[in-house]
Amino acid sequence: MEIITAVRGFKDILPPETDKWRHIEATAHQVFRAFGYREIRVPLLEKTGLFSRGIGESTDIVEKEMYTFIDRGEESLTLRPEATASIIRAYLEHALHAAETVTKLYTLGPMFRRERPQKGRYRQFHQIDAEILGPDDPRTDAELILMLMHFLKILGLPNLNLEINSLGCAECRPAFREAILSFLHGREEELCGDCRRRLGTNPLRVFDCKVETCANIISQAPLLPAFLCEGCREHFEKVQASLRLFDLPFHQNPKMVRGLDYYTRTTFEVTTEFLGAQNAVVGGGRYDHLVRDLGGPDISGIGFAIGFERLVAMIPEGDGDASPDPILFIAALGEMALRKAFFLCNRLRMKGIHVEMDHAGRSLKSQMKRADKLKSVYTLILGDREIQENKAFLRNMLASTQEEIRLDSMEETIMRIER
RNA sequence: GUGGGUGUAGCUCAGUUGGUUAGAGUGCCGGGUUGUGGCCCCGGAGGCCGAGGGUUCAAAUCCCUUCACUCACCCCA
């Protein structure tokens, strides 16, 4: 019979990989809490409308990459492709905005997009997501970015680039959009097929094109900063000024546009050369009207999403939780010894000590081999013979020495050794 | 959705111009010591050569289909 395999694009995360995951999660909890964020856990499944309204009808995510299905022939539901929309939904549904003027939330967990899998990108992937809802002053932006970079630094990630930009607001962005359109007008023939399509959907994304001719053309185009209104320019300046207070290198990248419709003003991205084509580790930005667009008051927000798998891929091997090597392995010889060993082994475990044994009644040699393989610090050698005499041998596996110990005080001896 | 690459033992991979019972390393199990690990030596188990079809006296090898994995594109964290 054939085994049933995981769904395409869905991955098992096995040990010891899970140690890394726990390490990253623990670090996130610790760092984010210090910056005053509280954890929120939102459902993986939402009404489809939440995302089409939040992310934007014409984005690729909504158009072709969502895991959407009709629930019992009634309602269209979608596995969340990102967390921000859900967080804002919960923020509004529970009227958190009425309870406080600043809400700092984070969450971590799986997201779903129905794309062709490739390196660092699966259909179920994971993100760490943080949002600040309420204030729109530039120090908020700087604080969020600062926390993000601090988090990445603590994880020890190498060669990261922080790029920031301002996309302007409803006042100034349309003018820029028009400028780009008129700049490209008449040159459609020179652009690649994708870019011609982009002209109709999101002309700003021509900046992202990797085709050389497109890149050449767009390099002559006017840039966004020149079109920022006074308010946006000032905001952006202040964000940068706040960042400069810290030892935190960043690059202003006027060509960085983002894929989601809701971003306004500050946007940022953290990239690395380590990950092939999937070079972005984090993306984020300000969304001044998303809360309003989702039916709430006109409250602004800013947030980021970290690609968990990409983080994992960059963390050095062995940089995780302490390895689960046992303190003690009990090698038992004989039926009586096996029974005694089983009892001792589990009693010590209940006291929090990691003890292993083998129940199969193998030779001492093979049990020693197993103890060695498990990297057990000590091995207790316990045969029927020793039980008669109320003793056992405690072997130090590193020093290759062993001593005789009394069996009835064995638990105390082990407890003492363990410290 | 589009294009390229790869599918042989648990894992990493050999396998000549098609030619006997398909190999290595590693891992696993056992032995070399009446009850003592690592190093070393010996033995064993483990493969429908991704699946289906075709060509041929003969297919892991050639052809077609399909599936999976993988890299890239679109897009995105």
Side-chain angles (χ1 to χ4, degrees), chain A residues 2-3 5-9 11 14 55-56 58-66 81-84 108 110-123 125-130 148 152 192-195 197-198 201-202 205 208-211 256-260 263 267-272 275-285 303-314 329 331-334 337 358 360-386 392-402:
Chain A
E2 278 196 9
I3 60 165
T5 58
V7 176
R8 181 187 181 82
K11 283 249 176 290
L14 305 172
I55 299 171
S58 68
T59 58
D60 271 45
I61 293 178
V62 171
E63 275 182 358
K64 57 178 197 186
E65 291 171 3
M66 291 207 302
E82 55 116 50
T84 304
L108 82 221
M111 311 292 158
F112 304 86
R113 281 183 210 175
R114 206 183 176 297
E115 309 172 89
R116 184 91 166 254
Q118 62 176 289
K119 189 182 183 66
R121 169 190 287 178
Y122 306 108
R123 290 184 171 183
F125 57 103
H126 296 74
Q127 290 185 336
I128 304 174
D129 206 277
L148 168 66
L152 298 175
C192 70
D194 287 323
C195 284
R197 183 177 53 75
R198 285 176 179 127
T201 54
N202 190 349
R205 294 210 68 88
D208 283 342
C209 190
K210 287 164 188 162
V211 176
M256 186 181 71
V257 296
R258 314 229 69 246
L260 276 45
Y263 285 119
T267 55
F268 53 94
E269 207 165 86
V270 180
T271 59
T272 173
L275 296 176
Q278 313 308 318
N279 63 345
V281 184
V282 187
F304 62 72
I306 306 175
F308 207 111
E309 281 80 356
R310 297 181 186 181
L311 226 49
V312 172
M314 293 168 65
F329 186 95
L333 289 159
D358 185 286
R362 288 183 221 274
S363 70
L364 179 58
K365 175 174 175 158
S366 69
Q367 293 191 67
M368 295 291 290
K369 276 190 173 176
R370 177 142 183 83
D372 189 64
K373 187 177 146 57
L374 292 172
K375 295 193 176 74
S376 181
V377 186
Y378 290 92
T379 299
L380 188 78
I381 297 162
L382 180 64
D384 288 352
R385 230 149 69 193
E386 283 77 15
F393 294 104
L394 184 63
R395 182 174 181 83
N396 182 323
M397 298 297 278
L398 302 173
S400 295
T401 58
Q402 68 187 47

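Proteins get letters first, then strands, A, B, ... in listed order; numbering begins at 1 in each. Quick caveat, the model's predicted, so the values are computed rather than measured.
Within the nucleic acid shown, A/Glu115 comes within 4.0 Å of at least one base atom, counting heavy atoms only. Within 4.0 Å of A/Phe125, counting heavy atoms only, lies at least one base atom of the nucleic acid. Nucleic acid contact for A/Lys11: sugar-phosphate only, since backbone atoms but no base atoms lie under 4.0 Å from a heavy atom of the residue. Counting non-hydrogen atoms under 4.0 angstrom, A/Ile306 reaches nothing in the nucleic acid.
In a base pair of the Watson-Crick type (N1 to N3 plus N6-O4 or O6-N4) or a G-U wobble (N1-O2 and O6-N3), with each distance short of 3.5 Å, B/A72 is matched with B/U2. Within the shown strands, nothing qualifies as a pairing partner of B/A45 under the Watson-Crick or G-U definition with both distances less than 3.5 Å. Base pairing of B/C62 is made with B/G54, judged by Watson-Crick or G-U wobble geometry with both donor-acceptor distances under 3.5 Å. In this structure, B/U33 makes no Watson-Crick or G-U wobble pair, since no nucleotide meets both defining distances under 3.5 angstrom. For B/G38, there is no paired base (Watson-Crick or G-U wobble, both distances below 3.5 Å).
Counting to the nearest Å, the C1' atom of B/U36 and the CG atom of A/Leu382 are 14 Å from each other. Between the CZ atom of A/Arg113 and the P atom of B/C76 there is a distance of 9 Å, rounded to whole Å. B/C69 atom C1' lies 13 Å from atom CZ of A/Arg123, rounded to whole Å. The nearest whole Å value for the distance from the CZ atom in A/Arg116 to the C1' atom in B/U70 is 10 Å. Taking atom CE of A/Met368 as the reference point, atom P of B/G38 lies 9 Å away to the nearest angstrom.
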Heteroatom pairs (N/O) under 3.5 angstrom, protein to nucleotides 47-50 of chain B:
none

If you restrict it to nitrogen or oxygen atoms, what contacts under 3.5 Å exist between nucleotides 28-32 of chain B and the protein, and what is each distance?
residue, atom, partner, partner atom, Å
B/C28, OP1, A/Lys373, NZ, 2.9
B/C29, O3', A/Arg362, NH1, 3.4
B/G30, OP1, A/Arg362, NH1, 3.0
B/G32, N7, A/Lys365, NZ, 2.6
B/G32, O6, A/Lys365, NZ, 3.4

Dump every N/O contact between nucleotides 65-68 of chain B and the protein below 3.5 Å, one line per pair.
none

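Comparing B/G38, B/C69, B/U36 by their nearest atom to the side chain of A/Ile381 picks out B/U36. With distances taken from any side-chain atom of A/Arg395 to the nucleotides B/C76, B/U70, B/G38, the minimum falls on B/G38. The side chain of A/Met397 sits closest to B/G37 out of B/U2, B/U36, B/G37. With B/A77, B/U70, B/G38 as the choices, the nucleotide that has an atom nearest any side-chain atom of A/Tyr122 turns out to be B/U70.
Comparing A/Gly284 and A/Gln402 by the nucleotide of RNA chain B whose heavy atom lies nearest to each, the residue mapping closer to the 5' end is A/Gln402.
Side-chain contact between A/Phe329 and A/Leu380 is absent, with no heavy atoms from C-beta onward closer than 4.5 Å.
Comparing the P positions of B/C40 and B/G25 gives a spacing of 13 Å, expressed to the nearest Å. Separating the P atom of B/A45 from that of B/C57 is a span of 36 Å, rounded to the nearest Å.
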